[in-house]
There are 4 protein chains.
Amino acid sequence: MISFENDYNTGAHPKIIEKLTMTNLEPYSGYGDDKYTKRAKEKIKKICGIKNAEVELLVGGTQTNATVISTMLNDDEGVIAVDSGHINVHEAGAIEFTGHKVLTIKGKDGKLDAKSIKKYMENFYNDRTYLHMVIPGMVYISHPTEYGTIYTKKELKEISEVCKAYKMPLYIDGARLSYGLMSKKSDISIKDIAKYADVFYIGGTKVGALFGEAVVFTKNNRPKNYITSIKKRGALLAKGRLLGIQYDTLFTDNLYFEIGRHAIDMAEELKKVFKEKKYKFYIDSPTNQQFVIMKKEKAKNLKRHVAFGVWEEYDKNHVVVRFVTTWSTTIEDINELKKYI
Amino acid sequence: MISFENDYNTGAHPKIIEKLTMTNLEPYSGYGDDKYTKRAKEKIKKICGIKNAEVELLVGGTQTNATVISTMLNDDEGVIAVDSGHINVHEAGAIEFTGHKVLTIKGKDGKLDAKSIKKYMENFYNDRTYLHMVIPGMVYISHPTEYGTIYTKKELKEISEVCKAYKMPLYIDGARLSYGLMSKKSDISIKDIAKYADVFYIGGTKVGALFGEAVVFTKNNRPKNYITSIKKRGALLAKGRLLGIQYDTLFTDNLYFEIGRHAIDMAEELKKVFKEKKYKFYIDSPTNQQFVIMKKEKAKNLKRHVAFGVWEEYDKNHVVVRFVTTWSTTIEDINELKKYI
Amino acid sequence: MISFENDYNTGAHPKIIEKLTMTNLEPYSGYGDDKYTKRAKEKIKKICGIKNAEVELLVGGTQTNATVISTMLNDDEGVIAVDSGHINVHEAGAIEFTGHKVLTIKGKDGKLDAKSIKKYMENFYNDRTYLHMVIPGMVYISHPTEYGTIYTKKELKEISEVCKAYKMPLYIDGARLSYGLMSKKSDISIKDIAKYADVFYIGGTKVGALFGEAVVFTKNNRPKNYITSIKKRGALLAKGRLLGIQYDTLFTDNLYFEIGRHAIDMAEELKKVFKEKKYKFYIDSPTNQQFVIMKKEKAKNLKRHVAFGVWEEYDKNHVVVRFVTTWSTTIEDINELKKYI
Amino acid sequence: MISFENDYNTGAHPKIIEKLTMTNLEPYSGYGDDKYTKRAKEKIKKICGIKNAEVELLVGGTQTNATVISTMLNDDEGVIAVDSGHINVHEAGAIEFTGHKVLTIKGKDGKLDAKSIKKYMENFYNDRTYLHMVIPGMVYISHPTEYGTIYTKKELKEISEVCKAYKMPLYIDGARLSYGLMSKKSDISIKDIAKYADVFYIGGTKVGALFGEAVVFTKNNRPKNYITSIKKRGALLAKGRLLGIQYDTLFTDNLYFEIGRHAIDMAEELKKVFKEKKYKFYIDSPTNQQFVIMKKEKAKNLKRHVAFGVWEEYDKNHVVVRFVTTWSTTIEDINELKKYI
């Protein structure tokens, strides 16, 4: 059965599997003390255009969000996020588990905007009781967002400026970063991300790795003894080499971006197919996640032939369904999908 | 350079790499909702001899300890461990990070004994101020221990009985379980472990997997909505299939035990070599970790040819060094080691 | 200067001061092991009409909310509250500090309603990804609410029924309980509160005590070793007698309710005075907190003569101001206020 | 019945009760925004000899320890304490509840010494795996200790020097500070405490207040927005005036030190009485806690006439019992005690 269920439904890009196989018998100390990890970190710094960036490799996205946010917030602080943000909805309370509140702002199409953040901050400090409330200490955005939308360079710059004005680091969740950067609508590069974000991560799990997320601290702001903080959260991989090898491979010959480009191309094909069949889109997404409005009956039947996600009810007769492309999506998959929709 | 540095210094057993490669393109839902995970869990239940055991697959050891302990303790409780226990020393405070205290008892050769636990509990409840102290709510032991020693069936049974008397679950950290079970000195089976422990884990990371630890709840005692609790700790792997495939492979054709047996055989050869050269052992370990007393000068020189761990100072002129065997250790490695020591 | 700033701006009701003075030299064991505490607990059980209720006396409201909520939630759970709820806004993230999320539902006039909770729960369990989200495990309401409004018996019953249907305990924050019960608009008694709530607290700090909140577990549902859990949160008062003496006094000769009645009477007078002067009310509050719309200029001048709270901006020229009555408010205070507004 | 059970078994010193009564009707904003709190803080700064010290008033000892320690430690750090330290034994895991480990060093008579701390630190940083362990980030001592013993100026200075060398703040738990300072054996003043400690607290609960502990940050090192951090821990008293009034009174006419002196005088009388009757002391305590070795039978009988604490078993026939003096202990109490022992 063909699958558009998500971007982590297959294993890893063959080049990664190949490299893991080739290096399998080489012995290394654990916990990231190996040549591949060192090399991967150097490549990431270079591609971000920040010589003294600090890079840490972790296993998963929720783990990464909880680790970064909880180690960068002060005791009195919480993190601002859009209400639909991953940390607010789909991480089972991982941020709160570390003792910090997620402060939500209503967003549009999964995005926060500078104006709303500014207004939130002004209201906050105008409230004479603000010391009895959680102090906003960081801004979290995801790029692309949970709805597949992306920020423009201008939007990013404005958000970054509000953050600076209030001395709040800006953290960008890049679980699907490659798809955002390779979107036909994108006007930003990874260097822009590195410039505007105080810390961000380059997602691997959803971009062709078996697992892995590379956190980049861009402003000499990595907390002290970070390995200890990672370990304390159960997030330190014994065979750290696995992360090093994967990121070394992803940043060899532009693989990370090639994977993104391919998935975007497939997403464009996918859109075409749905448009031909007169489907309406729930949201105009320029990345690898496509949200389509489908008759309930149709969705039910389609499930027999294709794996995809049912997102939410749209109206009495329709549901919003999600189709996702990734490195392993083929044009054949899309042609076959076409038969059933 | 040959390496006896630890049991996670190489990749995965070739059969695991092979299986990961073969299944790489098969699409599955994430988070353990795949056929390999289901099959792995069934195999584990069968080998433990407990039909209705509940099995959860996690990524790493510290993560597993923190997840199991913090979800099984009541709010008022802490976990008893030997002072040298992994959770007390080398997990960067991961248990405390979840809000619970590690209550230590002085041990011998890395082991706890039933008598000491009993005495601890009697003293505790005889103290009229005990409600102002952390209530002991679980006992943690590792098998084999951090010093490579193992429990006998009688010792395990006695500890289990004290635990039952005080209604404390017994949790066995089996990071290196296979090496304990396959030790020439062992009189216990995995079924014994499953019988005496209320919850334990079958370590994969140190026994031939890329990563992975299989937690087994043996008494219908898995907390509710465990996926949520795992996710909340950042411990839920998106591509859960990777854990399923690895454990399915480890429990096919006895691979898990074969790996243990091989490492034990290699450890016996290693011991021979050191004994021939008149080295003294710091501890009499019947498993894959061997602690040898070595002249400081010698250890320093040996580092040029062999990777191994310097454990601690023994006296002014000697250090304790650790040599570890694993699935990838070969007789050639040991023959080469012989040249240098 | 006269003050309507809040209901904790003076010391304690004279009867409490008197009793503390009289008992000052009597020696007692600490931590609530004294005859006054025992007696207070018995009186509370009696007045609640629940023989085997379990009562715990704590110092402050935020402390009480955090202790009750975090000890009653399972690991995977969070607490539902109205967006304006005290735990969501004005407790500096005390709930999140214990590792649990506050799940918000938009309310009206500070109140939650059964229908909204039901809809939230239905949507939650209809979402196929719900195990990746925080499981709703408790419902928190305050009575009266942060806006001075109160629930009717019917509303309370309906909320209680939804809670039961989803096996979520209902927790009522009674920081100002007396004012709710003694409101002219109230159709509920403390026995009703005890019947519908699974746990609630009878606020002392805001009702004439120096400090103190009495938690009542109504369904044999107090977690084990509660003293340990209280101590662990730094919430166990050494001289527990102080809580016992205060609650014993509050529940002697109906003092707790007399204080409420007096404050309500004063609030009604206060309303009259504002109405005479043609002020508009921001909200129709039947309790001791009154929210009035006032010209900014007026509010600024009034500050010179009267202490009160500026709540929030109403429009360009107006602010919402809060006037609060309490046990120490006198008719003279109100007459004097009349001169200035 | 006379009581030597502890130093918090009666109410407050009459001067405090008097002041609370006198000020009862004065209205103040809550949370410490009142003239008494301001005045108390000024007096404390003056008596400590540190103009720009920062003072915070909290309610109880465990609460204070948990708040101070958890807000001053970095994420990767734990706190060093002697094994018998209050935070390690009798606070129900309050430090661990905040996510930090208590790192213990074996002490003598309840005291830590500079040499042991130094050795601990050297061993720690010599261990190549130290990043996998909890980083020592603070030293906690209590003065007097839990056994009534005190540090000399020299000892304090040495400990302070080790702390400085390793950049660890030194925190002194002064729950019974007055008794330490007024001990006949003491060679240190409160100014010495303020000089050597980076943060310490002046205990009120056990020195004549109803409750209250005054934290002094001596090195411009109070964390930001401390009210928020206090509130987040449920430790912010609504009627903050109560703390202000009590500390203002304690530091008027040397009351705080007079209370200490009186209790020490009474303790000396108590010692005489026991010595006359040939009792042996378990420990040589120069403060208000006296530990006496008593026949079990005797202790049992004595309980009928006198309240005191049974500390621990000494041998088959004897127990260690504790007698404590305080502001309310009278010479008549001691004379009566004499009759029964």
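Quick note on labels: first sequence line is chain A, next is B, and so on, each numbered from 1.
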Exercise. With only heavy atoms counted, which part of C/Ala209 is less than 4.5 Å from chain D, the side chain, the backbone, both or neither?
Worked result: backbone
Exercise. So how far is it from C/Met1 CE to D/Glu26 CD, rounded to the nearest 0.5 Å?
Worked result: 13.0 Å
Problem set entry | Winner by heavy-atom pair count (cut-off under 4.5 Å) against chain C, out of D/Gly309, D/Ala66, D/Ala238 | D/Ala238
For this session: Sort C/Ala307 into side chain, backbone, both or neither according to what part of it lies under 4.5 angstrom from a heavy atom of chain D.
Result: neither
Exercise. In residues 89-96 of chain D, which residues are in contact with chain C at a heavy-atom separation under 4.5 Å?
Worked result: D/His90, D/Glu91, D/Ala92, D/Gly93, D/Ala94
Problem set entry | Whether over 12 other heavy atoms sit under 6.0 Å from C/Lys303 NZ | yes
Exercise. In Å and rounded to the nearest 0.5 Å, what is the CZ to CZ distance from D/Phe97 to C/Phe97?
Worked result: 7.0 Å
Problem set entry | Atom NZ of C/Lys224: over 12 foreign heavy atoms under 6.0 Å | no
Exercise. Pick from D/Leu210, D/Asn6, D/Asn65, D/Thr23: which one has the most heavy-atom pairs with chain C under 4.5 Å?
Worked result: D/Leu210
For this session: Select, from D/Thr62, D/Thr10, D/Thr98, D/Leu25, the one with the greatest count of heavy-atom pairs under 4.5 Å involving chain C.
Result: D/Thr10
Exercise. Is it the side chain or the backbone of C/Phe4 that comes within 4.5 Å of chain D heavy atoms, both, or neither?
Worked result: neither
Exercise. Which residues, numbered in order, of residues 329-341 of chain D come under 4.5 angstrom of chain C by heavy-atom distance?
Worked result: none
Problem set entry | Worked check of side chain to side chain contact (heavy atoms under 4.5 Å, CB included) between C/Thr21 and D/Thr21 | CA-CA 9 Å; C/Thr21 306; D/Thr21 307; 4.2 Å; yes
Exercise. Under 3.5 Å, is there a donor-acceptor pair between the side chain of C/Asn24 and the main chain of D/Ala12?
Worked result: yes
Exercise. Just how far is it from atom CG of D/Asn9 to atom OG of C/Ser29, taken to the nearest 0.5 Å?
Worked result: 8.0 Å
Exercise. Do other residues, nucleotides or ligands put more than 12 heavy atoms under 6.0 Å from C/Lys300 NZ?
Worked result: no
Exercise. Taking every heavy-atom pair that is under 4.5 Å apart, which of D/Lys239, D/Lys231, D/Lys206 has the most such pairs with chain C?
Worked result: D/Lys239
Problem set entry | chain D contact via C/Leu242 - side chain, backbone, both or neither, heavy atoms under 4.5 Å | side chain
For this session: Counting only heavy atoms closer than 4.5 Å, note whether C/Leu237 contacts chain D via side chain, backbone, both or neither.
Result: side chain
Exercise. Are any of the side-chain heavy atoms of C/Pro27 and D/Glu5 separated by less than 4.5 Å?
Worked result: no
For this session: Classify the side-chain pair D/Tyr8/C/Tyr28 by whether it contains a donor and acceptor separated by less than 3.5 Å.
Result: no
